[in-house]
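Beneath this line is the structure, given in structure tokens, with notes to follow.
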Protein chains: 2
Amino acid sequence: MNEDTNPHISIDCVIFGFDFEKLNVLLLERRLEHEDPSIAFCDQSLVGQHIKLKESLDDAAARILFETTGLTNIYLEQFYAFGAPDRLNKERAKIWLKSIGRDPAVQVITIGYFSLVNTNTVQVSYNPRHASWCDVKKVENLAFDHDQILKKGLEALRLKIKSEPIAFELLPQKFTLSQLQKLYEVVLDINIDKRNFRKKALQSDYIVALSEKQKDVLHKPAQLFMFSREIYKATKKEDFSFNFK
Amino acid sequence: MNEDTNPHISIDCVIFGFDFEKLNVLLLERRLEHEDPSIAFCDQSLVGQHIKLKESLDDAAARILFETTGLTNIYLEQFYAFGAPDRLNKERAKIWLKSIGRDPAVQVITIGYFSLVNTNTVQVSYNPRHASWCDVKKVENLAFDHDQILKKGLEALRLKIKSEPIAFELLPQKFTLSQLQKLYEVVLDINIDKRNFRKKALQSDYIVALSEKQKDVLHKPAQLFMFSREIYKATKKEDFSFNFK
DNA sequence: GCAAAAGTGTTCGGCGTACACCCATGA
DNA sequence: TCATGGGTGTACGCCGAACACTTTTGC
């Protein structure tokens, strides 16, 4: 471990991405090579690192996100701190930590952040460790206590997306109402009535219709929209609410 | 600092109490004696301590709450982690930390918890440092970054009290509807219409009328009620909602 | 009898919900 | 012409909001 690293505190980022079909999370491959195949393994983990000395938590999260994806200016939000003394005590975790020169007995507190990106903007190959997008509904057997962190991160996202306009962070700048609806459906794991959804979306001033349509689709091209943060701020009466079902 | 203490991680508890009139927070006196009166000072801080080695965050928070108030089995909830590298760098903070033998240059991450108690149940004198209940609306100039922690804790409480039945943690077991209403009013800093409030409260099955009335009041005694967690769990359709105004 | 808080009903408007068919485009 | 999603309107019920007077008790 680098000497300007704080060995007691780490950040784990739950990086959510939406590909217009499902909600994904960006995972890194954790591969341990060993001559004894009963010891070698390959599984997956969230994106995480220790913070540096004198680095704020928010700065560390942004740095880690940048180092993994090459992206800056990304929505990032802290959601929970995990500090169980045995959180790095699974068998594989111990083997892994030893293999990279760390003492599994040292208690590490990790701070969970979730971030929202549009799946297409990420160069998955940016990271030296193999990174890939996985459907959040199919993820299992993550490293360390990352299952739990992902679960809590998803809960935080669900809570927040119902009361603040963060859905747009997962979409490209121009999007269709069907894409927005699908996003809410996969994040909240519900079905939404199309007419009711559109009525509600169109009532809000800050979802702005553009004089532009979808291209290169094999059906009637849809109207494109943008989210206007300016209009949102100017008109909000602290009552953003997105509760269906 | 004790040798089984983790010097990098602390817990700060925002202990809320309701006295039927206002929302209070429990603060400890921070008094520095010094022969030079320009150095000596006395101000206030939240209740906080470092965690111990191998102690979970939740356990540490419960321990600190117990050591300060003598209470166990209290509602406690983690709400945010604070890690700005300069968070202990105010002038008084540095003087204070040196006076108790700690290095102000060491970065400490603190995890914020809020807890809810009925003001009357706390023996304020339990703690060796002078502890007192202060109206949250009047608190100012707290030690370290505790202003910020209190603010965020209050936001977390406000958010949660609208969607989960935690208000009852701040009340005695038997309470009147006016007391419950007043609680929501002071926590959310709003006025609520009495008839609408009562209508809503009485619709819920889990606020149960007792065959008992208030005593020793100089007006018409009010009906007493209890919160039934059992009924709440059995009947909730994930739709607790307490949104007035 | 007076002060102080308890207790009580109705009306209105808006919003969430359920529900089915025609339209425009590319292949 | 066909497949695919785009796009549209109405009716109903519930809930939140506004609003004022009578009742019970202790002093």
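What you see is a predicted model, and the numbers here were worked out from it, not measured in a lab. Convention: sequence-line order gives letters A, B, ...; per-chain numbering from 1.
- The distance from atom NZ of A:K215 to atom C1' of C:dG26 is 16 Å, rounded to the nearest whole Å.
- In the set C:dT8, D:dG7, C:dT10, the nucleotide with an atom closest to the side chain of B:K199 is C:dT10.
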Q) Just by protein heavy atoms under 4.0 Å, how would nucleotides 22-27 of chain D read 5' to 3' in B, S and -? A) -BBBS-
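- The listed nucleotides are D:dA17, D:dG7, C:dT8; the one nearest the side chain of B:R195 is C:dT8.
- Comment: B:E77 engages B:K160 in a salt bridge, judged by a side-chain N to carboxylate O separation of less than 4.0 angstrom.
- Among the nucleotides D:dA18, C:dA6, D:dT8, the one closest to the side chain of B:N196 is D:dA18.
- The NZ-C1' distance, from A:K194 to C:dT17, rounds to 17 Å in whole Å.
- Between A:E212 and A:K174 a salt bridge is recorded (basic side-chain N to carboxylate O distance below 4.0 Å).
- Residue-environment remark: CZ (A:R229) stays at or below the threshold of 12 foreign heavy atoms within 6.0 Å.
- If you measure from atom NZ of B:K200 to atom C1' of D:dC14, you get 12 Å, rounded to the nearest angstrom.
- Phosphate proximity of D:dG5 to A:S178: absent, as no side-chain N or O sits under 4.0 Å from OP1 or OP2.
- With rounding to whole Å, B:Q214 atom CD is found 13 Å from C:dG7 atom C1'.
- Within 4.0 Å (heavy atoms only), B:T176 reaches no atom of the nucleic acid at all.
- Rounded to whole Å, atom P of D:dG7 lies 15 Å from atom CG of A:D193.
- A:E29 approaches A:C42 most closely through the heavy-atom pair CG-SG, 3.4 Å.
- Crowding of B:Q173 atom CD: a count of heavy atoms from other residues, nucleotides or ligands under 6.0 Å not exceeding 12.
- Spacing between atom CZ of B:F197 and atom C1' of C:dT8 amounts to 16 Å, rounded to whole angstrom units.
- Ion pair A:D43/A:R30 flagged as a salt bridge, since at least one NZ, NE, NH1 or NH2 atom sits closer than 4.0 Å to an Asp/Glu carboxylate oxygen.
- Spacing between atom CZ of B:F20 and atom P of C:dA6 amounts to 12 Å, rounded to whole angstrom units.
- For A:L177 and D:dG7, the CG to C1' distance is 10 Å, given to the nearest whole Å.
- B:Q181 and B:K194 get closest at one heavy-atom pair: OE1-CA, 3.7 Å.
- A:Q223 comes within contact range of the sugar-phosphate backbone alone, with a heavy-atom separation under 4.0 Å but no base atom that close.
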